[in-house]
Amino acid sequence: MRGVAEVKEPCSLPMLSVDMENKENGSVGVKNSMESGRPPDPADWAVMDVVNYFRTVGFEEQASAFQEQEIDGKSLLLMTRNDVLTGLQLKLGPALKIYEYHVKPLQTKHLKNNSS
């Protein structure tokens, strides 16, 4: 008879913060936007700012998809999970990380900064 698999506690991953250092796997953190030459508000990013953002956080291969689809900052902030998972034709693993650890936090931060 097979044993029951042990259920482990889910690990908590830190969310995107402009004060965090870059992580090699691209799952969390970026340098301060002003230091990178991008405007601080993603809504003001040009297509190449979006591309360079994803290159900087470790998604070198996937960054070109944003350029091919002409995703600028405003478009990035409008993207849904489905857009990232299917519309960019990326592998599922990187697409999930891109959405959960980058697109969604950027959207949340933008909404908080512009809701006052």
Do you know the tightest heavy-atom contact between M79 and I71?
SD-CG2, 4.0 Å

How far apart are the C-alpha atoms of V103 and I98, what are their side-chain angles, what is the distance that settles it, and do they pass the side chain to side chain contact (heavy atoms under 4.5 Å, CB included) test?
CA-CA 6 Å; V103 175; I98 285 170; 4.0 Å; yes

Starting at CD of E68, measure out to CD of Q89 and round the result to the nearest 0.5 Å.
8.5 Å

For R55 versus A63, what's the shortest heavy-atom pair and its separation?
CG-CB, 3.6 Å

Distance-minimising heavy-atom pair for Q107 and L77:
NE2-O, 3.0 Å

To the nearest 0.5 angstrom, please state how far the CG atom of L96 sits from the NZ atom of K91.
14.0 Å

Nearest heavy atoms of Q67 and V47, plus distance in Å:
CA-CG1, 3.9 Å

The side-chain hydrogen bond (donor to acceptor under 3.5 Å, both in side chains) partners of D72 (sequence neighbours excluded) come to S75

Parallel, tilted or perpendicular, as decided by the 30° and 60° cut-offs, for the rings of H102 and Y53
perpendicular

For P42 versus L106, what's the shortest heavy-atom pair and its separation?
CG-CD2, 3.8 Å

Taking all non-hydrogen atoms of both residues into account, name the closest pair between V84 and A95 and its distance.
CG1-O, 3.5 Å

If two hydrophobic side chains count as joined below 4.5 Å and joins carry through other members, does L88 share a cluster with M48?
yes

CG (L76) and NE2 (H110) are apart, to the nearest 0.5 Å, by 10.5 Å

Measuring from atom CG of N114 to atom CG of D41, what distance do you get when rounded to the nearest 0.5 angstrom?
5.5 Å

Donor-acceptor under 3.5 Å (S115 side chain, K112 main chain)
yes

Please step through side chain to side chain contact (heavy atoms under 4.5 Å, CB included) for the pair F59 and K97, ending with a clear verdict.
CA-CA 10 Å; F59 293 102; K97 290 176 186 173; 3.8 Å; yes

